[in-house]
K.L.:
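Next up is a structure, given as structure tokens.
Quick note: numbers below take in every heavy atom, side chains included, and nothing from hydrogens, waters or symmetry partners. So that the names make sense, note that chain A is the first sequence line, chain B the second, and so on, each numbered from 1.
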Number of protein chains: 2
Amino acid sequence: MRNDNWWCGRFRGCGYKVTVPREAILEVLSLTDKHLSAEDIYLAVHKKYPAIGLTTVYRTLDILVSIGLIYKFDFGDGRARFELAEDSKGKKHHHHLICTKCGRIIDYTDFIDDEFELLQLVEKGLSKKYNFKISGHLIQFCGLCDKCR
Amino acid sequence: MRNDNWWCGRFRGCGYKVTVPREAILEVLSLTDKHLSAEDIYLAVHKKYPAIGLTTVYRTLDILVSIGLIYKFDFGDGRARFELAEDSKGKKHHHHLICTKCGRIIDYTDFIDDEFELLQLVEKGLSKKYNFKISGHLIQFCGLCDKCR
DNA sequence: TTGTTAATGAAAACTATTTTCATTAACAGA
DNA sequence: TCTGTTAATGAAAATAGTTTTCATTAACAA
């Protein structure tokens, strides 16, 4: 049993093995503040471990999303993008502001408390009315950034 | 100049011609309350006008999104889905509740006023702070529906 | 009615993602 | 530490949604 990172417990607890590719992928994700695509991650991982294939990156990302360690987003550019879930490491909960022209993404934390309060209210109301078990939300704004407007 | 539907003005005003395929596609979209994919629309249109091709459907949808007559969504099933923008016809502004297991989508209008109030506040704050010209927002909740939970 | 030009459809191309399958590595138990 | 089981892996092929190409057709201004 190898060197224990903070996420190893969660990983093994879900019945998954801790492997070199998985460690490498999580390392890439935890060292960036960008919203990486599967290929971005593949290229980054590839520098240190050229043997790791793109297929494994996709498979690992699927697992990470399913156990809640990362989030998957669609910002409208035809590829999925990923980021570490905020509760895992020192990350703050945030939402996104997307420039529809250049694709720039801004993570904002302003008004998060006000948003959270409303989300609580709405989640409660919706889960009662529709008998849904709500597990997450997505809030984002789009428009033109300062350079593109 | 053909028969004028409500959207013809907007269409011609943007420099686009009014064509049979475009009318057919808009008709399909205005007669449903579902969230259709490009292929769904193609199949529906195909019944009445078998000559209309999938390519044209994609092209028309692009235009409709760009002039704001329809919205494009990604509900995570690997294909884009479309619906008429609410201001166009008698539609109400709503947000979505998505079942992550069976893919069911519920349009909800509950709390829309509270949400709207917050959105106003956040949009104002964000556009000032980041100098963004905000043109839209996306709010959705995901979880398990009554049948899947 | 006619000319200009955008719109169209079929087929091919593209691209992100998934599947297949033979090989390798993680790790529980000895 | 060694070993067997089984999940994880990588390469290549397959898939599927969407976009591009290009020759033809239809919209509509004059």
K.L.:
Just the rounded figure in Å: distance from P of C:dA13 to OH of B:Y58.
P.N.:
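Interatomic distance, OH of B:Y58 to P of C:dA13: 19 Å.
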K.L.:
What's the CG-P distance between B:L61 and C:dA7, to the nearest Å?
P.N.:
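For the pair B:L61 CG and C:dA7 P, the rounded distance is 15 Å.
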K.L.:
Are B:H35 and B:F73 an aromatic pair by the rule of ring centers under 6.0 Å?
P.N.:
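No, they do not, as the ring centres are separated by 6.0 Å or more.
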K.L.:
Are B:H137 and A:H95 close enough that a side-chain donor and a side-chain acceptor fall under 3.5 Å?
P.N.:
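No, because no side-chain N or O of B:H137 sits under 3.5 Å from a partner of the opposite role on A:H95.
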K.L.:
Please state whether the phosphate of C:dA7, meaning OP1 or OP2, lies under 4.0 angstrom from any side-chain nitrogen or oxygen of B:R22.
P.N.:
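So the side chain of B:R22 is within the cut-off, an N or O lying under 4.0 Å from OP1 or OP2 of C:dA7.
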K.L.:
Heavy atoms from C-beta onward define the side chain here; which of D:dA27, C:dT8, D:dC28 lies closest to that of B:P21?
P.N.:
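The listed nucleotide nearest to B:P21's side chain is C:dT8.
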K.L.:
Does B:T55 put a side-chain nitrogen or oxygen below 4.0 Å from OP1 or OP2 of C:dA11?
P.N.:
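Result: no.
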K.L.:
Would you mind checking if B:K128 and A:D110 are paired as a salt bridge, meaning a charged N to carboxylate O distance below 4.0 Å?
P.N.:
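Salt bridge: no.
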K.L.:
For a quick test of reading the model: is some side-chain N or O of A:T56 closer than 4.0 Å to OP1 or OP2 of D:dA8?
P.N.:
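A:T56 to D:dA8 OP1/OP2: no side-chain N or O under 4.0 Å.
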K.L.:
Indicate, with a heavy-atom threshold strictly under 4.0 Å, whether B:R59 touches base, sugar-phosphate, or nothing.
P.N.:
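Base, at least one base atom sits under 4.0 Å.
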K.L.:
Can you measure B:L54 atom CG to C:dA7 atom C1' for me and round it to whole angstrom units?
P.N.:
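One finds 16 Å between C1' of C:dA7 and CG of B:L54, rounded.
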K.L.:
Please state how far atom CZ in A:R79 lies from atom C1' in D:dA16, giving the value in whole angstrom units.
P.N.:
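After rounding, the gap between these two atoms is 17 Å.
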K.L.:
Starting at atom CD1 of A:I63, determine the distance to atom C1' of C:dA26, rounded to an integer number of angstrom.
P.N.:
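One finds 14 Å between C1' of C:dA26 and CD1 of A:I63, rounded.
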K.L.:
Take atom NZ of B:K72 and atom C1' of D:dT19, then tell me their distance rounded to the nearest Å.
P.N.:
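One finds 11 Å between C1' of D:dT19 and NZ of B:K72, rounded.
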K.L.:
Rounded to whole Å, how long is the line connecting atom CZ of B:R81 with atom P of D:dT18?
P.N.:
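Answer to the nearest Å: 10 Å.
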K.L.:
Could you check how far CG of B:D77 sits from P of C:dA16, rounded to whole Å?
P.N.:
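Whole-Å distance recorded here is 19 Å.
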K.L.:
Under a 3.5 Å cutoff, is there a donor and acceptor pairing between the side chains of B:Q140 and B:Y108?
P.N.:
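There is no such pair between these side chains.
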